[in-house]
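We use all heavy atoms of the structure for the numbers below, so side chains are in, but hydrogens, waters and symmetry mates are not.
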Amino acid sequence: MTSSFWKSLIRCRNILMKPSSRRSTIRLRPDIAVKYHSDVCYAPTLNAAHGSKVTLDAYQLASISAKGTVIFLHGGGLRRGSKRHILGKDLFFNNLGYNFLSCNYPLSAEGGGSVIDDQLLALRSLDQWVITDLPILCPTAPSTPVIYLGHSAGSYLLALGLSKGLFSKAHTSFIFVDSAAYDLSKRYRAARQSARLENERLVGHDASTTASLDELIKKYSPVECLLNGASLAHRDDKAWAYFATTLKRFSHDSSLILASLLMTRLNMQTTVKAYPFSHTDISQEIANPNSEIGRDLARLLSK
């Protein structure tokens with residue numbers, strides 16, 4: 001057998017044995033029991049992909065009172081990903097005393113326009129579902145917080161929804177994990193040609209589009225929306241945003257810009273911290289209570 005074969009085999013073994021594949025090593029605390037709710041539809045008028053409904057899975061604390069609820073939006077470049085891809089985050093947040101929800105959202109455009117429009121509709125439906133249905137599915141005290149957690153594309157969507165005033169529930173905060181797309185205009189200018197074409201498809205730009213590409217990019221850029229949009233209502237004094245970014249400069253700078261705007265425009269408390277992980281590993285390491293990001297989030301949610 002060739003040396004390249006053995007090198008490939010070793011790479012596969014290393015991937016399979018990576019310590020960031022945490023689910024099998026995490027255990028619930030002995031005093032915690034969890035009730036699992038599968039495929040709860042929160043946006044009946046939309047489809048996630050291939051005709052499947054837009055749904056969420058809920059990991060509800062059944063033996064202790066929850067301190068709040070963490071709602072996760074997965075990554076995947078707005079075209080891929082699944083609510084099943086949680087890598088032990090359910091166990092991590094349940095152990096911290098929080099209900100954990102993981103959501104699907106539309107991954108293709110229903111009418112051939114921008115997929116992001118349908119994703120924002122899903123976020124609007126999710127916000128209403130959180131107000132009307134979450135207290136029934138996972139009862140908590142009215143004052144307990146709802147914390148949205150996004151990774152990559154999920155972080156971008158949460159930031160865009162926040163910049164457009166989509167989240168109405170009091171005591172709502174956000175954890176944004178490594179997205180460089182908050183300043184979409186700047187990202188588009190710096191992107192390779194293949195990435196530019198993908199961005200154009202995502203915002204719904206083609207030969208038949210009446211709006212200019214520049215207008216569309218600004219419409220779907222959280223930074224541009226906060227800079228140039230209508231006045232937004234301030235969040236309450238308990239709302240905060242935590243940015244967990246990689247050391248990659250563009251991602252870190254984009255997070256700093258958005259954090260500054262959330263402070264000045266929405267009066268939110270914001271923190272930005274860079275971690276020595278890759279784009280993929282930073283999401284996986286959240287579920288590791290011994291990692292730096294795991295310890296930081298545990299401290300953050302224990303306040």
Honestly curious: do [X] and [Y] fall in one hydrophobic cluster under the side-chain, below-4.5 Å linking rule?
| X | Y | value |
| --- | --- | --- |
| F250 | L256 | no |
| L301 | L28 | yes |
| I257 | L227 | yes |
| I64 | V70 | yes |
| I286 | L247 | no |

[X] and [Y]: side-chain donor and acceptor closer than 3.5 Å?
| X | Y | value |
| --- | --- | --- |
| T246 | D178 | yes |
| Y220 | D117 | yes |
| S251 | T245 | yes |
| Q60 | Y36 | no |
| H74 | S102 | no |
| N99 | Y59 | no |

Y188 vs E200, side chain to side chain contact (heavy atoms under 4.5 Å, CB included): CA-CA, chis, key distance, verdict: CA-CA 9 Å; Y188 178 81; E200 290 170 17; 2.5 Å; yes
Sequence neighbours excluded, the answer for ring pair (Phe, Tyr, Trp, His ring centres under 6.0 Å) partners of Y98 is none
Just jot down the ring pair (Phe, Tyr, Trp, His ring centres under 6.0 Å) partners of H252, sequence neighbours excluded, or say none. none
Once you round to the nearest 0.5 Å, how far does [atom1] of [X] lie from [atom2] of [Y]?
| X | Y | atom1 | atom2 | result |
| --- | --- | --- | --- | --- |
| R27 | L91 | CZ | CG | 8.5 Å |
| I116 | L157 | CD1 | CG | 7.0 Å |
| Y105 | Y42 | OH | OH | 9.0 Å |
| C103 | K83 | SG | NZ | 9.0 Å |
| L61 | T69 | CG | OG1 | 8.5 Å |
| I293 | S291 | CD1 | OG | 6.5 Å |

Between [X] and [Y] (side chain of the first, backbone of the second, donor and acceptor by atom type, cut-off under 3.5 Å), is there such a pair?
| X | Y | value |
| --- | --- | --- |
| Q119 | L78 | yes |
| S173 | I147 | no |
| S179 | A153 | no |
| S221 | I217 | no |
| K169 | V130 | no |
| E215 | S212 | yes |
| S82 | H85 | no |
| R187 | A181 | no |
| S302 | A298 | yes |
| T55 | C41 | no |

Could you tell me whether the side chain of [Y] reaches within less than 4.5 Å of the side chain of [X], counting heavy atoms only?
| X | Y | answer |
| --- | --- | --- |
| Y242 | D296 | yes |
| L162 | L266 | yes |
| K238 | P145 | no |
| C225 | L160 | yes |
| R196 | N199 | no |
| Y275 | D281 | no |
| P106 | V54 | yes |
| L126 | L73 | yes |

Regarding K89 and the six-membered ring of F72, is the cationic atom NZ or CZ under 6.0 Å from the ring centre and inside 45° of its axis? yes
Carefully, step by step, assess E198 and R79 under the rule salt bridge (Lys or Arg N to Asp or Glu O under 4.0 Å). CA-CA 10 Å; E198 177 63 10; R79 295 286 199 182; 3.7 Å; yes
How close do [X] and [Y] get, heavy atom to heavy atom, and via which atoms?
| X | Y | value |
| --- | --- | --- |
| L137 | A58 | CD2-CB, 3.8 Å |
| K67 | T144 | O-CB, 3.4 Å |
| V177 | S155 | N-OG, 2.8 Å |

From CA spacing to verdict: side chain to side chain contact (heavy atoms under 4.5 Å, CB included), D57, V40: CA-CA 6 Å; D57 294 339; V40 178; over 6 Å; no
As a quick check of understanding, evaluate side chain to side chain contact (heavy atoms under 4.5 Å, CB included) for R80 and L107, giving each step before the final call. CA-CA 6 Å; R80 302 173 300 279; L107 298 176; 5.6 Å; no
Hey, is [X] close enough to [Y] for a salt bridge, meaning N to O under 4.0 Å?
| X | Y | answer |
| --- | --- | --- |
| D39 | R84 | yes |
| D183 | K218 | no |
| K273 | E292 | yes |

Assess whether side chain to side chain contact (heavy atoms under 4.5 Å, CB included) is satisfied between L56 and N104, documenting all intermediate values. CA-CA 6 Å; L56 59 83; N104 276 344; over 6 Å; no
F174 and ring-ring contact (aromatic ring centres under 6.0 Å, His included): which partner among W240, F243, F167? F167
Qualifying side-chain hydrogen bond (donor to acceptor under 3.5 Å, both in side chains) pairs, either residue in residues 124-135, two or more places apart: D127-S168
So, do H151 and F176 have ring centers that fall under 6.0 Å from each other? no
Under 6.0 Å between ring centres, would you say that holds for Y182 and Y156? no
Atom NZ of K186: over 12 foreign heavy atoms under 6.0 Å: no
